[in-house]
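In this chain, residues are counted from 1 in sequence order. Every number for a ligand or one of its atoms is a count from 1 in the order of the listing.
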Amino acid sequence: MPRLLPHVTLASGTTMPALGLGTWRMGERSRDRAREIAALRLGIDLGMTLIDTAEMYGDGGAEEVVGEVIARRRDEVFLVSKVYPQNASRRGAVAACERSLRRLGTDHLDLYLLHWRGGIPLAETVAAFETLRSSGKIRGWGVSNFDRADMEELLALPDGRRCAVNQVLYHLRCRGIEWDLLPFCRRHGIAVMAYSPLDEGRLPKNRQLTKLASDAGIKPATLALAWVLAQEGVVAIPKATDPEHVRDARAAAEFAVGAGIARELEEAFPAPDGPTALRVV
Ligand SMILES: NC(=O)c1ccc[n+]([C@@H]2O[C@H](COP(=O)([O-])OP(=O)(O)OC[C@H]3O[C@@H](n4cnc5c(N)ncnc54)[C@H](OP(=O)(O)O)[C@@H]3O)[C@@H](O)[C@H]2O)c1
C-alpha cells in the first residue's frame with residue numbers, strides 16, 4: 001500500500017491527513033495499554049499519521065499512551081488535542097495545553113481544539129489559542145461540536161477566521177451537517193473532522209451497509225470510511241484497537257466510491273431534507 005494518504009488543505013496552506021486515528025476510551029485501563037500502543041503504531045506504520053486525542057480521554061491517560069507511541073517519531077505525526085471548555089479561559093487554556101504537551105512528550109501540537117462550547121467567552125479562548133500559536137506551542141487551532149450559529153459567532157471575532165477545523169459527529173447515519181454546517185465550513189475554508197465515523201462501532205454491523213460492502217468485496221467499516229473520505233474537505237478519525245480494524249480503516253483510502261455504489265449508499269442512508277440540530281456524542 002502506498003504510504004501517502006490523501007490530505008486536506010487548511011486555509012493556512014498547511015495540509016493534514018484525511019484519515020487519522022481516534023483515541024477516545026484509550027488510556028483508561030493499564031491492561032489495555034500495550035494493545036492500544038500497538039494499534040496506534042500500526043496505524044502510523046500504515047500511513048495514518050493523524051492522531052486525535054484530548055485532555056478528557058482517560059483523564060489524560062490517552063495523551064500519555066499517544067506520548068509513548070510518538071516518542072522518537074514525533075515528526076511523522078500530525079497531532080491534535082483538545083481543551084475542556086472549563087479550562088478554555090485566557091490563562092487556563094495555556095496551562096491546559098502545557099499539561100497536554102507534557103503528557104504527550106512534545107513541544108507542540110499541530111492543532112488544538114476547543115472540545116465543545118462552554119461558559120467561557122469565545123473571545124477569551126481565541127485569544128489564548130493565538131497566544132499559544134505565537135509562542136509555537138500550537139501550529140493551529142479549531143473547535144469541536146460547533147453548530148452553524150456558533151461558527152458565525154466565532155468567525156465574527158477578531159482572529160476568529162484563523163479557525164482551521166470544526167470536529168463534529170458525522171457518518172452515514174448522521175448526515176445532518178450536510179444541510180448547512182458542512183457547506184458553511186467549505187465556504188470559509190474550514191476543514192470538517194468527522195468523529196465517530198463508524199457510529200461508535202454500530203455502523204459496521206448495519207445490514208444494508210454489510211450487503212453493499214460485500215458486493216464491493218470490502219469490509220463494511222472500509223466502505224463507511226471511504227464514503228466519508230469522498231466528501232470534500234472532510235477528515236475521518238476512526239478509533240480502532242483491533243489490528244484488523246486498523247487495516248480495515250487504512251483500506252478506505254484505497255477504495256474509490258464509484259457512482260453506482262454512491263447511489264446505493266444514498267438510497268440506504270439518505271441526506272437530510274431540512275435543517276436539524278447538530279447531534280453530539
Ligand atoms: N470531539 C468530540 O466531541 C468527539 C466525540 C467522539 C469521538 N471523538 C474522536 O473521534 C474518534 C472516533 O470516534 P469513536 O471512538 O467515538 O467511534 P468510532 O471510530 O465511530 O468507532 C469506534 C468503535 O468501532 C470499532 N471498530 C473500528 N474499526 C472497526 C471495524 N473495521 N469493524 C468493526 N468495528 C470497528 C472499534 O473497535 P476496536 O476498538 O475494538 O477496534 C470501536 O469500538 C474518537 O476516538 C475520538 O478521537 C471526538
Side-chain angles (χ1 to χ4, degrees), residues 17 19-29 31-40 42-43 46 48 50-58 61-63 65-66 69 77-85 88 100 104 109 111-118 141-147 150 165-174 177 181 191-207 209-210 213-214 218-229 234-253 255 278-281:
L19 180 60
L21 304 160
T23 62
W24 187 26
R25 301 202 172 90
M26 290 191 181
E28 293 179 356
R29 286 169 299 271
R31 66 172 185 276
D32 297 335
R33 191 179 176 93
R35 188 173 166 78
E36 293 162 359
I37 287 172
L40 293 173
L42 174 63
L46 294 174
M48 288 189 284
L50 159 60
I51 298 185
D52 178 78
T53 190
E55 63 173 335
M56 184 187 104
Y57 302 161
E63 288 182 328
V65 166
V66 173
V69 169
V77 171
F78 188 98
L79 188 55
V80 184
S81 193
K82 311 183 201 79
V83 60
Y84 265 128
S100 286
L104 288 159
L109 297 172
L111 274 181
Y112 196 36
L113 312 185
L114 173 60
H115 208 147
W116 65 90
R117 196 167 174 185
W141 59 264
V143 293
S144 178
N145 296 303
F146 269 41
D147 66 14
D150 294 325
V165 309
N166 185 11
Q167 185 178 118
V168 291
L169 179 65
Y170 184 49
H171 55 74
L172 272 167
R173 287 168 56 193
C174 178
I177 66 164
L181 183 60
V192 165
M193 294 179 76
Y195 76 66
S196 306
L198 300 173
D199 192 11
E200 298 178 79
R202 289 181 284 266
L203 206 38
K205 297 181 192 127
N206 177 279
R207 236 178 330 123
L209 183 68
T210 304
S214 151
I218 57 174
K219 300 276 196 67
T222 303
L223 181 54
L225 295 172
W227 176 84
V228 174
L229 295 183
V234 181
V235 169
I237 46 167
K239 174 256 182 186
T241 40
D242 180 327
E244 198 54 39
H245 291 169
V246 178
R247 292 182 194 282
D248 293 346
R250 177 62 181 85
F255 184 79
L278 179 67
R279 279 174 54 192
V280 298
V281 161

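For the side chain to side chain donor-acceptor pair (under 3.5 Å) test, residues two or more places apart in sequence or in another chain that qualify with D150 are R117. Every side chain to side chain contact (heavy atoms under 4.5 Å, CB included) that V281 has, sequence neighbours left out, goes to W24, L169, Y195, S196, E200. Scanning for ring-ring contact (aromatic ring centres under 6.0 Å, His included) contacts around Y112 gives F129, with sequence neighbours left out.
Ring pair Y84/W116 is perpendicular by interplanar angle, where above 60° counts as perpendicular and below 30° as parallel.
Side-chain polar atoms of E63 and T53 form no donor-acceptor pair below 3.5 angstrom.
With salt bridges taken as basic N to acidic carboxylate O contacts below 4.0 Å, none links K239 and D52.
For ligand 1, the 4.0 Å heavy-atom shell takes in G22, T23, W24, D52, Y57, K82, H115, S144, N145, Q167, Y195, S196, P197, L198, D199, E200, G201, P204, A221, I237, P238, K239, A240, T241, D242, H245, D248, ordered by chain and residue number.
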